[in-house]
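Below: the structure, in structure tokens.
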Amino acid sequence: MDVLDFVTKDLNPPQKDAVVTLDGPVLILAGAGSGKTRVLTHRMAHIIGQGVASADEILCVTFTNKAAKEMEHRCYKILADMGARIHSQLWINTFHSFCVRILRQHITMLDYKPFFGIYDSSDTLSQIKKVMTALDINDKMYPAKNFQSRISQAKMLGLTPEGLEKSSKRLMDQKTVEVYKAYESEMRKANSLDFDDLLMKTYELFRMYPDLLKMYQEKFKYIMVDEYQDTNHIQYLLVQMLAKAHRNLCVVGDEDQSIYSWRGADIKNILDFEKDFPEAKIIKLEENYRSTANIVNAATAVIKNNTERKDKTLFTSNDAGDKIQVREEKNEYDEARFVAKNIQTMMNEGEGTYNDYAVFYRTNAQSRVLEEQLRTLAIPYRLVGGVRFYERMEIKDILSYMKLAINPADDIALKRIINVPARGIGKTTIEKIEEFASKRNISMFEAASKACEERIFNAGTTGKIRRFIELMEELQGSAVSFPKLSQYYAIVLDRSEYLLNLKKDESPEAQARIENLEELDNAIAQFEKERGDEATIRSFLEEMALVSDVDTLNQEQNSVTLMTLHISKGLEYPYVFVVGMEENLFPSSRSLDNDGEEDVEEERRLAYVGMTRARKKLWLTFTKMRRVWGQEQMNPPSRFIQEIPQELKDFKTAAEGPRFINRYGSSSYDTDESSYASPRWGSLSSDRNKARQPSFDDAQDFPDYENEGSSKAAFSKGMRVRHPTFGAGTIYATEGTGENFKVSVMFTDNTVKKFVVKYARLERI
DNA sequence: ACCGGCTCATTTTTT
DNA sequence: ATGAGCCGGT
């Protein structure tokens, strides 16, 4: 069988079209359950199988590690089935891991040291607090969280501090600019990047070095972006930038499943794709293979109420199946019991396994009651989301030891562990070190060491600090001499006396922490197994920063899944309960506040996402009364329930008193209360890696790229230069020699950028 | 340096 | 209702 037959067999016509159309921009509007991943993987296999491009000339970007892994797995599988040989690695990444991959190679061109650290949002927040202290900004009047989100928003728009300054004139923004600037310079000192930086710096890199960009533009002959409706502006810019040379950009998404505008996703990116690429081919995948007809039709009816969407209608040839079960209960306890009882009953009737059931809710707080009721009926469940593994205190602590050992400039890591476990180095001492460090413009680690030499502290304190420094120096040494990650982990646990301290403590919390550290040990073992020689301390830290949940790695117990509607995207279950379908909860009251219809539309998309997760049967429940923040509230049933056509739903109530029956116009409410009337129950490596990866310098594909600019006439202070992206400017500082010769240029708009002359296309003017 | 009580906020979550 | 984070007292 030839490649074409192989990759298109068992596909419907639009799917086939999507797999076959390789050249030019393609927009695939993929409805829920329409076989999107299948199309993407087959398309990749098609490209590789036909030999149009090799595996490493295709860039595929997704949003979550999970999606990337799944895609990679399926892609390798079909390639193997096809008998295709792959000679290089596939570039299936999340946006962030793609950027890390680029930056790991080229970040020195942005004047960072090669092994930058990655800060998660809590590290970022600490950093912002640190900066605010230095700037003497009151945390009460200006909460650090606000700055964090503003800075993040700016970065998602691709705005540097200077860019932000120009773009806005409002008062608070002036402060934001100030904090942003200082934050930026602190991050540079710490040689670390936050999540937004990963995207932003990559964008900057490509803007500063057009030749480098060109190399990647030419390398990636085909680009595919999954979940395009969730891209934010900087991601959009990156994609546009990379796709420029070949214009072989294929984006896949569903505007009806855009539920992340509140974190910067811009639905316009998908809605306006045809404006960006007028020659784009539009392919709609509208046939749903997942759900019963009743579910598909109900979801379709709901989403039809949105105005901001493309013309796309989901259909299915599946059986009608059961009607949507709409259920009213008295309060959230009864609602939870209804869910638990139904699962129990169905399980007793032999309907699937616990894994087949999922319960979705709008807010995390709703999970508690559900958990109680499931426990009461001894139904195993697992909660997805909530506190993430790597965000747990003990995990972050130990990782901070490792981070600091590798990057002594990481002040945030140092502050985290200098007195954990307690070493008698108190708040005052830490503040003094911090002050000392900022005065001399050195890292806190250096400052601590200098402070000891210069007898800044009394003998006792000096001794304590000395011991900490010695510990860290030892760990720095071990990082080199014990290259095996698992060994190193054991050393850190031991030498830091972290584990010892927990073992002394006999509280159940300490016990749980020890278990988590064991879990981390397992994760490390797993990581070593997967990566082999590449399982270095650095690659592990990177993995921990970029991979969300270790929990999902192991346990495969049979249990009911509880999660928010947001997390449910991309998943499917035979039996789904969506609870709390009430106005002001879902749609949330916030979305109703501003009378903008936009916000409600996003909630509606969320409802659509939730409903379309169900394969066989869907329950939607609401309550007459619910306790929210200690207050009893009565809310009418969600508009989304009412938007489902009468004939598709089966309404029952177990709540006495006035009913919302008229809102439904439903006549059927044989309450079936008997079974629920019972009284309520009780409460309830660096160098080795370098050698392996082809570095920027030996990019043989682009011979002229290398030579260009490298031997240009010397640049010196005061010289006027022109940069292809930023225009004219003046050199006001130079540093380094030979390959490392760098110049700082101030452009006409007062922005300053530092270039590696060898790679920047600077022209004298 | 540590603990305990107080205030406050509280959609949604990835990386 | 609940938990996290902060301030102030010991």
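Computed over heavy atoms, backbone and side chain alike; hydrogens, waters and symmetry mates excluded. Numbers restart at 1 for each chain; the letters A, B, ... are given by sequence-line order, proteins then strands.
When rounded to the nearest whole Å, the span between CZ of A/R626 and C1' of B/dT10 equals 16 Å. Remark: C1' of B/dT15 and CG of A/L125 are 16 Å apart, rounded to the nearest angstrom. Between A/W262 atom CH2 and B/dT13 atom C1' the separation is 4 Å, expressed in whole Å. Across the protein-nucleic acid pair, A/E632 atom CD and C/dA1 atom C1' stand 12 Å apart, rounded to whole Å. Taking atom CD on A/Q366 and atom P on B/dT11, their separation rounds to 12 Å, with Å as the unit. In this structure, A/E227 atom CD and B/dT14 atom P are separated by 13 Å, rounded to whole Å. Atom NZ of A/K145 is separated from atom P of B/dC8 by 16 Å (rounded to the nearest Å). Rounded to whole Å, the distance from CZ on A/R423 to P on B/dC2 is 12 Å.
Dashed line: the shortest gap from a side-chain N or O of A/N65 to OP1 or OP2 of B/dT15 is under 4.0 Å. Here A/T564 does not reach the OP1 or OP2 of B/dT11: none of its side-chain N or O atoms lies under 4.0 Å away. A sub-4.0 Å separation between OP1 or OP2 of C/dT2 and a side-chain N or O of A/R368 is present. In this structure, A/N364 reaches the B/dT13 phosphate: one of its side-chain N or O atoms is under 4.0 Å from OP1 or OP2. Within the structure, a side-chain polar atom (N or O) of A/K129 is placed less than 4.0 Å from OP1 or OP2 of C/dC6.
Taking a cutoff of 4.0 Å between a charged side-chain nitrogen and a carboxylate oxygen, A/R362 and A/E603 qualify as a salt bridge. Salt bridge status for A/K201 with A/E204: absent, with no side-chain N to carboxylate O gap under 4.0 Å. Note on A/E332 versus A/R627: no salt bridge recorded, every NZ/NE/NH1/NH2 to OD/OE distance being 4.0 Å or above.
Judged by centroid separation below 5.5 Å and plane tilt below 30°, A/F195 does not stack onto the base of B/dT14.
Checked against the 6.0 Å centroid criterion, the rings of A/H106 and A/Y216 qualify as a close aromatic pair. The distance between the ring centers of A/F640 and A/F586 falls below 6.0 angstrom.
Which of B/dT14, B/dT10, B/dT15 sits closest to the side chain of A/R590 comes down to B/dT10. Among the nucleotides B/dC2, B/dT15, B/dT13, the one closest to any side-chain atom of A/Y260 is B/dT13. Closest to the side chain of A/E603, from the set B/dT15, B/dT13, B/dT11, is B/dT11.
Across the interface with DNA chain B, nearest-nucleotide mapping of A/I567 and A/T429 shows A/T429 to be the residue nearer the 5′ end.
Within 4.0 Å of A/L193, counting heavy atoms only, lies no atom of the nucleic acid at all.
One P atom belongs to B/dT12, the other to C/dG5, and the distance between them is 16 Å to the nearest Å.
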